[in-house]
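Below is one structure; the comments refer to it alone.
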Amino acid sequence: MTRFHVLTSEFLHETNTFCKLPTGPETFAERGLLFGAEAIAARQDNNTELGGFLEAGRAYDWDVTHVISAHAQPGGPVTREAFDTLTAPIIEAARQQRGTLDGILLGLHGAMVPDFCDDGEGELLRRLRAVVGPDMPIGITLDPHANVSRAMCDLAQIIVSFKTYPHTDMRVAARHAADILQRTMRGEIHPVTLRVTRPMLEEANGGRTDTGPMLARLERARAYEQEPDVFAVSINGAFPNADIAEVGASVTVTAQGDMARHAAFASELADDIWACRNDAINQFHTVEQAAAICKAYRAEGRGPIIVADYADNPGGGTYGDSTNLLRALLDAGVQDACFGPMVDPAVVQQLHHHAPGDTVQILLGGKTDPRFGGTPLDLTATLVSLHPTGNYTGSGAMIGGLQRSWGPLAVVRVEGIEILVVTVRAQMLDLQQFLAFGIDPSRKQVVGLKSMQHFRAAFAPIAGQVIVCDSGALCTVDYAVLPFARVPRPVFPLDRDIDIAQWRHDNHDGVYIPGQT
Ligand SMILES: [Zn+2]
């Protein structure tokens, strides 16, 4: 039996085109930039795409060349320098090894926007195809917050998105893609990936899978995956904060045979996503409403109330320094609370000139773009502790065992609230992000945090109640305040009165099949 040679890489970024912080090479270095054996050592045993690729590699006895694992915190467009520098080793490895290479597996996000084009993943695949030609089997995994482009479908035969949000199946999805690649390399199957869209920025609940209609859709997707000629069905809630031509929720099917039938199946799921476009499960409180609920809450053995600032989710490319929720919690006089993160490198530096116990006057947060999420808070703070590295190792379902860092950080107390002031942007999704710095959220009455949905994986189990609010930061659910200019119209919810029959007539029924549409 032939021993297949497979090239692997991970290159992920979710780009919020409204974020004014460019994503350069240093942003990748901050979050994670590892090559070859170093990446394998750090990631193969964890819930990562690379872990799934390598698991398949062992099962099928592949000769694997892993080039790079590059991740950056969601933020503004990826600079040309970062894009060129980080993709070059992948392209170069493919060039050097194309004579022996049988297939390629890439862990991608699907919502990367470089500063010179709309579609980072499409551009990477284009550069790869230029080297390996049109027939090399390529499988990619995507985050379900992908904005899947026609180019991705044209250039990768195999596309598999995670089926969870909070994302807890990276490894499973990667193994799935790798299994399809194996069958493709053996010549057993000849997959193609089709895409079906509707004119909407995102699925009504951002694709959440802890509850809601995505669960039934994914059940149907899994059932359809069992049919002959069907290899993967993916449902992408999309990433709406991207002012690009191909943004929005999609269903993809990686299959062969009767593609019209597969498209009809995907269209049924897409129709359901469209029909439920107004059915948001979250009730988005104002920060004042949220603070009042927190003030009245009594844990009494149930665990704390968790209040999430949905709009200032650094995981969606926001600045993480929105002050509106913290201001409201302070104004309400909330006691026995913790809050994090507040991203403010200048204040962290200032605090590192003091000692724990000192009283320090700080001007906290709201500095990057106070139009979104509030102006700086003038606070008298007590310094609780200093942490020069801000390093922690995740313990939950999403990042368990993975090393991450807030950069230098400080914990301060202002009235009844302990605040985690950090240097590096990241969303709150693991208890260790508090625990490693002396704050035990499970013992608080109130936990304020910045995250949309990922926090639920670790924080819902310790919570007596969970509420979400919209602070008006960059991931506000009020999309009308964002300066969309390039997204094709009409699109929901920017446009509310859409003639869907007309749209389908004008857009091939929303169906894209490579080589056919
Ligand atoms: Zn995601």
Side-chain angles (χ1 to χ4, degrees), residues 10-17 19 23 31-32 46-49 52 69-75 78 106-113 120-121 140-149 152 159-174 176-177 200-212 214-215 217-218 221 234-242 244 247-252 273 281-282 308 310-318 320 394 396-399 402 404 425-430 449-459 468 474-475 477:
E10 298 173 302
F11 182 41
L12 292 95
H13 189 251
E14 180 180 76
T15 307
N16 184 328
T17 64
C19 173
T23 301
R31 170 77 169 267
N46 303 112
N47 189 359
T48 63
E49 293 89 326
S69 291
H71 301 74
Q73 177 63 29
V78 175
L106 301 173
L108 306 175
H109 185 289
M112 178 188 291
V113 184
E121 289 82 5
I140 64 175
T141 58
L142 298 177
D143 182 296
H145 297 110
N147 295 316
V148 181
S149 66
M152 292 180 216
I159 300 182
V160 178
S161 303
F162 318 149
K163 285 185 169 69
T164 55
Y165 181 37
H167 306 325
T168 53
D169 64 333
M170 286 71 90
R171 192 181 176 104
V172 170
H176 186 174
M200 52 202 304
L201 290 176
E202 67 171 338
E203 195 266 348
N205 295 292
R208 70 185 286 185
T209 59
D210 57 322
T211 182
M214 281 296 284
L215 292 171
R217 291 175 199 139
L218 285 164
S234 299
I235 309 175
N236 300 290
F239 184 63
N241 291 61
I244 54 174
V247 63
S250 66
V251 178
T252 64
I273 292 171
I281 298 164
N282 275 330
Y310 187 98
D312 192 24
N313 168 31
T318 70
M398 295 191 64
I399 59 165
L402 292 172
R404 295 280 175 88
R425 293 182 309 116
Q427 76 174 304
M428 189 61 75
L429 46 71
D430 192 288
L449 54 78
K450 295 175 187 284
S451 174
M452 285 177 176
Q453 167 72 4
H454 280 322
F455 72 96
R456 292 180 192 271
F459 286 84
V468 293
L474 214 50
C475 280
V477 292

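For clarity, every value in this text was computed on a predicted model and none was experimentally measured. Remember, it's 1-based here, ligands and their atoms both numbered in the order they're listed.
- Residues that satisfy the salt bridge (Lys or Arg N to Asp or Glu O under 4.0 Å) test with Glu202, not counting sequence neighbours, are absent from this structure.
- In this view, His176 satisfies the side-chain hydrogen bond (donor to acceptor under 3.5 Å, both in side chains) rule with no residue, not counting sequence neighbours.
- Excluding waters, the set of protein N, O or S atoms lying under 2.8 Å from the Zn ion (ligand 1) comprises Asp143 OD1, Asp143 OD2, His145 ND1, His167 NE2.
- By the 4.0 Å N-to-carboxylate-O rule, Asp312 lies close enough to Lys450 to be salt-bridged with it.
- Taking the salt bridge (Lys or Arg N to Asp or Glu O under 4.0 Å) definition, one finds that Arg217 meets it with Glu203, Asp272, sequence neighbours left out.
- Using bins of under 30°, 30° to 60° and over 60° for the plane-to-plane angle, the ring pair His145/His109 lands in the parallel bin.
- When only modelled atom types and interatomic distance are considered, Gln453 and Asp210 share a side-chain donor-acceptor pair under 3.5 Å.
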